[in-house]
Amino acid sequence: MINCNYDAIDENQFFLTVAGEKHQANELTLNGLAPRVQLAYDTYLNNFPGLCQQPHSLFAADPQRSRDALQDCYGSPTQSFKQFRKDYSARQHPAIQELCPYCMIETGWTLDHYIGQTAFPEYAILTKNLLPCCFKCNQQKNAAWREDGEKVFINFYDDTFLQHRFLDATVLIHNNVPVLRYQLIQPAAITDEDFALIRRHFLALGLLVKYNNKAHNRFSTEIAAIRKSIDRGKSDATIRQDFLDRYDSHVDQYGRNHWETMVYLRLANHVPQVRALPIP
Ligand SMILES: [Zn+2]
């Protein structure tokens, strides 16, 4: 997992620009709402924990047409918003251009509202509220962005603990077949609060089970490759170093908490065990 790049634009100005591109009736409505939208933006950008505790949208009691006008900024995008979306992917790390940051499994994503726009229409085009998300994660995410006043999902703009490894895996041998089982571990550099968030994120998206399944085939393929290397006379130390090199390059590309990095790291440390297994 790695962070997404947030292009810190002037969000208030962006809202006014989009409002100015709307047809006259909507433009008037949006300009009338702008001072309260700016208040809402200020809370989002400067006091997100406070927002997690805020019971409702600032516009919860507004007429439906006002709420619709806010959502319409996203639903019927203007030129500026289309341009933002068009440029978004190119500003991201290559791994994010390829994979959904929430799961790091699925390719292909669309920009998704971290806080759903039905409940909080004021954040419909707040760019800080828009994150890449695949279809599957989006469905599992649904509208549940908070629970008991705490975030449920890692925020890939703001949460800076992704550089520390919290994803771990253990090699288990079942009927002479090695399998990988993923788990979360709390390194000293990650606070209890952040680790609880990581747990909520993984639980909500069922990531450990997905990684167990995903690694299954990869693990078998890699073990078959180790057997070929052994047959060709490669030493354990050489095979181990090959896996460590692949681990390093994978970390560089996908971060320390990508499921595949653990395949390489664990195999690097289990070459003698693989050598000792009976040939199937
Ligand atoms: Zn995903």
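All ligand and atom numbering here is 1-based and tracks the order in the structure.
Looking only at atom types and distance, the side chain of Gln38 has no donor-acceptor partner in the side chain of Asp42 under 3.5 Å away. Residues Asp168 and Gln183 have side chains that bring a donor and an acceptor to within less than 3.5 angstrom of each other.
The cationic group of Lys128 does not satisfy the cation-pi geometry with Tyr44, failing either the under 6.0 Å distance to the six-membered ring centre or the 45° limit from the ring axis.
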Dump the intermediate steps for ring-ring contact (aromatic ring centres under 6.0 Å, His included) on His56 and Phe120, then the final yes or no.
CA-CA 8 Å; His56 304 294; Phe120 284 80; 8.4 Å; no

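Each protein N/O/S atom under 2.8 Å from the Zn ion (ligand 1) was counted, for a total of 4.
Using cut-offs of 30° and 60° on the angle between ring planes, the pair Phe243 and Tyr264 is parallel.
No more than 12 heavy atoms of other residues, nucleotides or ligands shown are found within 6.0 angstrom of CD on Glu193.
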